Amino acid sequence: MKYQGPRGTRDFYPAQMAWRNTLTSAWRKVAIRNGFEEIDGPTFELLDLYKVKSGEGIVSELFHFEDRGGRELALRPEFTPTLARMVAAEANSLPRPIKWFCIPNCCRAERPQRGRLREFLQWNADVIGSDQPVADAECIFLLVDLLAELGLRPEHVHVKISHRQTVRHILAKLGVPEDKMLAAFDLLDRRDKLQPAEFTAGAAQLGLDTFAVERFEQMCRRKYPADDLAHLCRSIGLDGHLKDLEILNEQLRAFGITPWCEYDLGIVRGLAYYTGVVFEVHEVSGAERAMAGGGRYDQLIELFGGPSLPAVGFGMGDVVLTNVLYDKGLIPENVLPSPDVFVVPASEQAVPRITPLVAELRRQGIHARFSYKTTLNVGKLLKEASTVQAAYALILDDRSAGGIVSLKNLRSGEQRDLPLSEVPAAVMRNK
RNA sequence: GUGAGCGUAGCUCAGUUGGUUAGAGCACGAGGUUGUGGUCCUCGGGGUCGGGGGUUCGAAUCCCCUCGCUCACCCCA
């Protein structure tokens, strides 16, 4: 093969494109019914924009280049900086809260592996301008709404929820000094990749004694079902510092999604800009990487030069999500658009009538197709109609001169003669 | 960027200790049963065996390099 697509990219042939459209339609539909408005921004930005929250180290993970004027640009690896820039620019004139979503393609210069490509789609939704837990809850509800829309159930996936301040408080109580807090978060985040001994050693370096290490360990491993905060409180010996979680919990209950949620204090999420609630969607067996992740980031808009605006949001990529749906057998067999009617000539005389008829049907909004084959063999033509999964075959023979045609329902096999003028209504009725 | 495993037709694979013009099924295309579909029959297009170099009389098969894919590490916004 002479030319190959670049590493980590995908070609979308009709079947893959049809699935991609199905998925993005679901994202869009669910976001809209949850009251979010769609936005988009440029595919590339000034490189500096991406350094704001992620630092210089991010550059090696980016596709970046220079324009002819020497400006340093980069393909977007995520949408949040663009979002922050857009909000900052118009902050004073936007009604609050701002509830926006988008479906950008994003590019990252990393080595592809399961669940990660160099170009992917990411559904983002954010609520900006509210510090109320109802905003956090609504983001989580939006996620659950989408998961359910795609056929997933609580036995397939969980929303794991944690809270930065709660975890911080617990760590402090266990004896982690303030200056080692970030290191503690890091250890928490990496716990599944470490050997038990390494974990213990890391915890000891944070200044924790054997007892505290054990509690630390226990805290990360334990999962607590949503709606049972009391249990969580008891088991970590904490009271009075769960206010946020308590209110969130009430909201989750009111939204009716507690069966999908669990508290997992081991969820930290990479970078330090999250300030409150954090959450991830995981396939229950834990075999896949996170299907979505997000949380509250109350200082981020300000960091990008905007006013001080509290915000909460998440991102969900198409790659892991599709993997999980595939494994659960939830990818529909065929989502390619199929014709409403396939027009078939059954006599020499009917041939010139085909294209004008198809044109008229299409003008009426009917998906109509015909064969490029020259044969009049009805069997062959019906086979083609059936291959493309047409709902009806419209068969024209000599009687079509008098306006009489045969309409065959290709699913039931039932066939009847009717005047040509009644065909559009008959086809649309079953659409 | 690092490491491991794998590269034979669009897909799934076969190819007997290296031995003639590299095969099958599915898919795709053309026809047949002179007018009704997932069947059947015939024929066909398509592979420089990922690419390059080496060993050999002879390489899909053995060796080296390279590219790509997969999985993991780094990172995960």
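Just so it is clear, the model here is predicted, and its values are computed rather than measured. So you know, we letter chains A, B, ... as the sequences are listed, proteins then strands, and number each from 1.
Ring-plane geometry between A:Tyr297 and A:Tyr274 is classed as perpendicular, the angle between the planes exceeding 60 degrees on a 0 to 90 degree scale with a lower cut at 30.
Comparing B:C74, B:G3, B:U36 by their closest approach to the side chain of A:Arg111 singles out B:G3. For A:Glu78, counting side-chain heavy atoms from C-beta on, the closest listed nucleotide (B:G38, B:A77, B:C73) is B:A77. Side chain of A:Lys408, nearest nucleotide from B:U36, B:C73, B:C76: B:U36.
Taking 4.0 angstrom as the limit, A:Lys373 places none of its side-chain polar atoms (N or O) nearer than this to OP1 or OP2 of B:G31. Taking 4.0 angstrom as the limit, A:Arg7 places a side-chain polar atom (N or O) nearer than this to OP1 or OP2 of B:C69. Within the structure, every side-chain polar atom (N or O) of A:Arg108 is placed at least 4.0 Å from both OP1 and OP2 of B:A77. Remark: A:Gln113 is in phosphate contact with B:C73, judged by side-chain N or O atoms under 4.0 Å from OP1 or OP2.
The separation of B:A60 from B:G15, taken at their C1' atoms, amounts to 8 Å, rounded to a whole angstrom.
Using modelled atom types, one side-chain atom of A:Thr22 and one backbone atom of A:Ala18 make a donor-acceptor pair closer than 3.5 Å.
Geometric assessment of A:Arg76 against the ring of A:Phe63 yields a negative cation-pi assignment under the 6.0 Å and 45° thresholds. Annotation: cation-pi geometry not satisfied between A:Arg85 and A:Phe304 (NZ/CZ under 6.0 angstrom from ring centroid, within 45° of ring axis).
One can place CD of A:Gln122 at 10 Å from P of B:A77, the figure rounded to the nearest angstrom. Here B:G5 presents its C1' atom at 16 Å from CZ of A:Arg114, a figure rounded to the nearest Å.
For B:G31, the paired base is B:C41 (Watson-Crick or G-U wobble, both distances below 3.5 Å). Within the shown strands, B:A4 is the pairing partner of B:U70 under the Watson-Crick or G-U definition, both distances less than 3.5 Å.
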